[in-house]
Amino acid sequence: MKTGLEILKERNINDPSIAGIKQRGKVYDLHTQIDENEQFEFIKYSSPDGLDIMRHTSAHVLAQAVKRLFPETLLSVGPTTEVGFFYDFYRPEGFTEEDLKKIDQEMQKIKKENLIIQKFVMKREDAIRFYEERGEKFKVEILKDIKDEYVSFYKQGEFVDLCRGPHLISTGNVGAVKLIGLSAVHFKGNENFPMLTRIYGVAFATEQDLENYFKMQEELKKRDHRKLGRELDLFLIDEENIGAGLVVWLQKGAKVRRLIEDLWLKIHEQNGYQLVYTPHVANEKLWKISGHLELYSKFMFPSMSFDTKEQEEEKDDFERKVGYQEKISYRLKPMNCPFHITIFKSKTRSYRDLPMRLCEFGTVYRYEKSGVLHGLLRVRGFTQDDAHIFLKLDQLEDEVISVIDIMKRFLSVFGFKDFFVFLSTRPEKRVGTDDEWDFAENALRKALDKSGFQYSIDPGEGVFYGPKIDVKIKDVLGRVWQCSTIQLDFNLPRKFSAFYVDSDNTRKQVYIIHRAILGSFERFFGILIEHTAGNLPHYFAPTQCVVISVKDTVNDYAEFIYDLLSKSGLRVELDLNTGQRLSKRIRDCEIRKIPFMIVLGEKEKNEKVITIREKGKDDIKKLSIQEGINYLLELCTRVSGE
RNA sequence: GCCAAGGUAGCUCAGGCGGUAGAGCGGCUGCCUUGUAAGCAGCAGGUCGCGGGUUCGAAUCCCGCCCUUGGCUCCA
């Protein structure tokens, strides 16, 4: 058994780019002994594993800097993240941004000091004593959770930390590091433990990589749907007077939504779905039956009641005459299912009616904590592209295949082609019989196999009322978003006693699939805006082209062309604002992300042609009027993937 | 909810250790009749998030509240 350092010395290798060793798929640092007779490879500093080692050491450098500047601070833990690392500290007064700057500087200093890092082990009981003497109560807590007899420590200069590793051999090998933020966390994530301050940093192999990271952050900012939503007049959120998390769709945004809804409805009607509308509020009785009041009330807006005692005295004569017999409470709906079940139950249903597919643009309200609200992506009022399918269990597989097919077809229209599919199976606490779960899980699995999707199984991650399939989409920046979900429900049909009459003339319990393709229009719109950076597919652009008249003398021709385009079905605007330079008006269209600009002047008027400038492109097409219209129609009315 | 940073004109932001509130963009008006990403000039636009306190005087200092942004999954 030898350490990596010893092996390197033995072989006379002096390569500063080596960060560790990989053997049997496990990563070891150069301080740790391995069996040198078994196959192993050196890990380069720039590889993902090497980076992880470096980030781990960065966390120690952070802790060392904090200890130097604020010696009274107690240490907790400091793992790595996807782009860097963090360390949790106990310091009741917390840290400020100013402190962060100082800590950052101290970290750079520690890097320069090029401190040798050493590893040593200690008996667990000794380690506990070691930390008890120093008052490091969190370290003591951590040690108490460890079962091993011996624990390892890493030492760099005056700084010593209990740590599993792996670590670099010197602080000088730490790469490009920068602290990026603070956050409050509870020790062990448990609210009963005291509050710690988590300091975040990013760390990369080179300054260039670090720069690229910040450039990427800039790119994200540019695509931020909240910024684009304002600039392109798509939506607004007025936290003060309307309410946080409540979305107002402006004219342009509403146009896009209508286009999405229309296409959605067309596809769904082609596949046997029937549209319904249901109220935004319902008597609390409904939510009592469904069980939402019991299990979901922390997300529900508080109840609206009439006929409370105070109001009794305030009633005027008319109100007394009309009379409130009893206290009636209403709730804003957090889900649409109880309404759809009520529709199902409103008549006796035959097996011949199944599967019965009810769909709705169902606007629901959920009281999310203020801290989690985020633009369109996390809101308190949103419209689901919801549907409930009432069926017999033996129809499940075919139905799921159909839903997957609709999903694939519809999402590809927006350019989403990469899907990540997850099948979640029975959890510990659940309703429904084992036979039902067996059958349902199997049917979902078979449906997925037939759909040709690669999928992974999340054992035990199903909802208590049934197994589910979740689908995530990947956007152009590689970010993954959960949108579609298909959930089987064993619970609600029981709660509502929802039956159908089977061919043998007996009543049988119906089964329900909850499903959404987009999830919610708000959230999906936000994802779409960021995915396209505001350049929506031409089909969905609120304004597809602007006809620009170069000067007053050709306004008649511009109006003539505008009429033609408009009547041919394009969404077109007319710009006769000849008070402005042409280049300014082109620029305005570019900023508004208008797909096509039709620039008309004397030349076009005389030659009876139109010139088309495509957004973001310099080439200008000169076409006859009819050719031009055909060209625009071809690009603006076709739906990709349809 | 918790930690940090914020909230000043429609938007982006400056100012501020207490003494009449600023710029750019946008808007309006006028001039220029304009050829493919910002022509020129003038004007309008603000309870400085809300409430309270200190003060002769608060956008500025203090307290409380509301809202926003970034975090709060990563576990020696």
Side-chain angles (χ1 to χ4, degrees), chain A residues 52 55-56 59-60 75-89 91-100 124 127 131 138-148 151-154 161-165 180-191 194-200 217 221 224 226-227 230-231 233 236-245 368-375 548-555 577-592 597-604 611-620:
Chain A
D52 198 62
R55 286 171 179 153
H56 211 147
H60 276 204
L75 302 175
S76 172
V77 297
T80 61
T81 66
E82 264 172 49
V83 289
F85 57 91
F86 64 78
Y87 208 111
D88 290 348
F89 300 99
R91 184 167 190 260
E93 56 272 54
F95 296 95
T96 65
E97 301 258 301
E98 280 303 307
D99 295 338
L100 225 56
R124 198 181 69 110
Y131 274 128
F138 298 98
K139 287 293 186 188
V140 173
E141 271 301 315
I142 290 161
L143 277 163
K144 281 181 181 164
D145 286 345
I146 299 174
K147 303 262 151 37
D148 306 342
V151 294
S152 60
F153 282 78
Y154 284 82
D161 198 7
L162 168 74
C163 186
R164 179 163 51 190
I180 53 167
L182 294 167
S183 161
V185 292
H186 285 282
F187 183 56
K188 293 186 185 180
N190 183 331
E191 293 193 18
M195 185 68 66
L196 304 177
T197 305
R198 179 170 294 178
I199 301 182
Y200 286 90
Q217 297 304 108
K221 244 189 211 165
D224 192 316
R226 294 165 300 185
K227 177 169 142 42
R230 202 170 30 238
E231 287 171 1
D233 289 323
L236 71 82
I237 295 174
D238 178 349
E239 294 92 6
E240 199 167 301
N241 294 318
I242 294 177
E368 302 280 356
K369 288 181 183 179
S370 66
V372 303
L373 298 178
H374 181 89
I548 301 172
S549 162
V550 173
K551 54 182 189 177
D552 292 350
T553 53
V554 296
N555 281 357
N577 181 13
T578 49
Q580 284 295 350
R581 296 289 173 276
L582 178 60
S583 53
K584 162 73 170 159
R585 293 148 75 196
I586 299 276
R587 183 182 142 85
D588 287 346
C589 287
E590 289 281 344
I591 288 170
R592 290 177 59 207
M597 290 153 256
I598 319 296
V599 179
L600 303 176
E602 293 290 355
K603 279 183 263 172
E604 288 77 9
T611 53
I612 302 174
R613 179 195 163 105
E614 201 164 330
K615 186 200 166 298
K617 292 183 184 161
D618 288 334
D619 69 310
I620 291 156

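Letters A, B, ... mirror the listed sequences (proteins, then strands); counts begin at 1.
A23(B) is paired with U12(B) under the Watson-Crick or G-U wobble criterion, all donor-acceptor distances under 3.5 Å. Across all strands shown, G71(B) is found opposite C2(B) as a Watson-Crick or G-U wobble partner, with both distances under 3.5 Å. In this structure, A41(B) and U29(B) make a Watson-Crick or G-U wobble pair, each of the two defining distances being under 3.5 angstrom. Partner assigned to C65(B) is G49(B), using Watson-Crick or G-U wobble distances below 3.5 angstrom.
Among the atoms of the strands shown, base atoms are found under 4.0 Å from some heavy atom of Val550(A). Nucleic acid contact for Gly579(A): base, since at least one base atom lies under 4.0 Å from a heavy atom of the residue. Residue contacts shown for Ile142(A) are limited to sugar-phosphate atoms, with no base heavy atom under 4.0 Å away. Backbone-only engagement by Tyr200(A) is indicated by non-hydrogen atom pairs under 4.0 Å involving sugar-phosphate atoms exclusively. Asp238(A) comes within 4.0 angstrom of nothing in the nucleic acid, heavy atoms only. Thr611(A) comes within 4.0 angstrom of a base, heavy atoms only. Within 4.0 Å of Gly181(A), counting heavy atoms only, lies no atom of the nucleic acid at all. The residue Leu373(A) sits close only to the backbone: its heavy atoms come under 4.0 Å of sugar-phosphate atoms, none of a base. Nucleic acid contact class of Thr197(A) (heavy atoms, under 4.0 Å, all strands): none.
Here the options are Lys227(A), Lys221(A), Arg226(A), the test is side-chain hydrogen bond (donor to acceptor under 3.5 Å, both in side chains), and the partner is Asp224(A); only Arg226(A) passes.
Rounded to whole angstrom, the span from the NZ atom of Lys188(A) across to the P atom of U73(B) amounts to 16 Å. Going from atom CG of Asp148(A) over to atom C1' of A76(B) covers 10 Å, rounded to whole Å. In this structure, the CD atom of Glu82(A) is 12 Å from the P atom of C75(B), given to the nearest Å. A straight line from CG of Leu236(A) to P of U68(B) spans 14 Å, rounded to a whole angstrom. For His374(A) and U68(B), the NE2 to P distance is 12 Å, given to the nearest whole Å. Distance, Leu75(A) CG to C75(B) P: 18 Å, rounded to whole Å. Residue Arg226(A) contributes atom CZ, which lies 17 Å from atom P of C67(B) at whole-angstrom precision.
Mapped onto RNA chain B by nearest heavy atom, Ser76(A) and Lys584(A) fall at different nucleotides, with Lys584(A) at the one closer to the 5' end. When each of Cys163(A) and Thr96(A) is assigned the nucleotide of RNA chain B bearing its nearest heavy atom, the one mapping closer to the 5' terminus is Thr96(A).
For Phe89(A) and Tyr87(A), the gap between ring centers is short of 6.0 Å.
Between Asp99(A) and Arg91(A), the closest side-chain pair of non-hydrogen atoms falls below 4.5 Å.
Note on Arg585(A): every side-chain N or O is 4.0 Å or more away from OP1 and OP2 of A38(B). For the pair Gln580(A) and G39(B), the criterion of a side-chain N or O lying under 4.0 Å from OP1 or OP2 is met. The side chain of Arg592(A) contributes no N or O atom lying less than 4.0 Å from OP1 or OP2 of A37(B). Taking 4.0 angstrom as the limit, His60(A) places none of its side-chain polar atoms (N or O) nearer than this to OP1 or OP2 of A76(B). At A37(B), one or more side-chain N or O atoms of Arg613(A) fall inside 4.0 Å of OP1 or OP2 (strictly under the cut-off).
Taking atom C1' on both nucleotides, G10(B) is separated from U55(B) by 35 Å, rounded to a whole Å. Across the P atoms, G24(B) and C31(B) are found 23 Å apart, a figure rounded to whole Å. Across A9(B) and G64(B), the matching P atoms stand 25 Å from one another, rounded to whole Å.
For Ser183(A) (side chain) and Arg198(A) (main-chain N/O), no donor-acceptor pair under 3.5 Å exists by modelled atom type. Arg585(A) places no side-chain N or O within 3.5 Å of a backbone atom of Ile548(A) that could act as its donor or acceptor partner.
The base of G1(B) is not paired with the side chain of Glu368(A) by any donor and acceptor separated by under 3.5 Å. Contact of Arg581(A) with C32(B) (side chain to base): a donor-acceptor pair of N or O atoms is detected under 3.5 Å.
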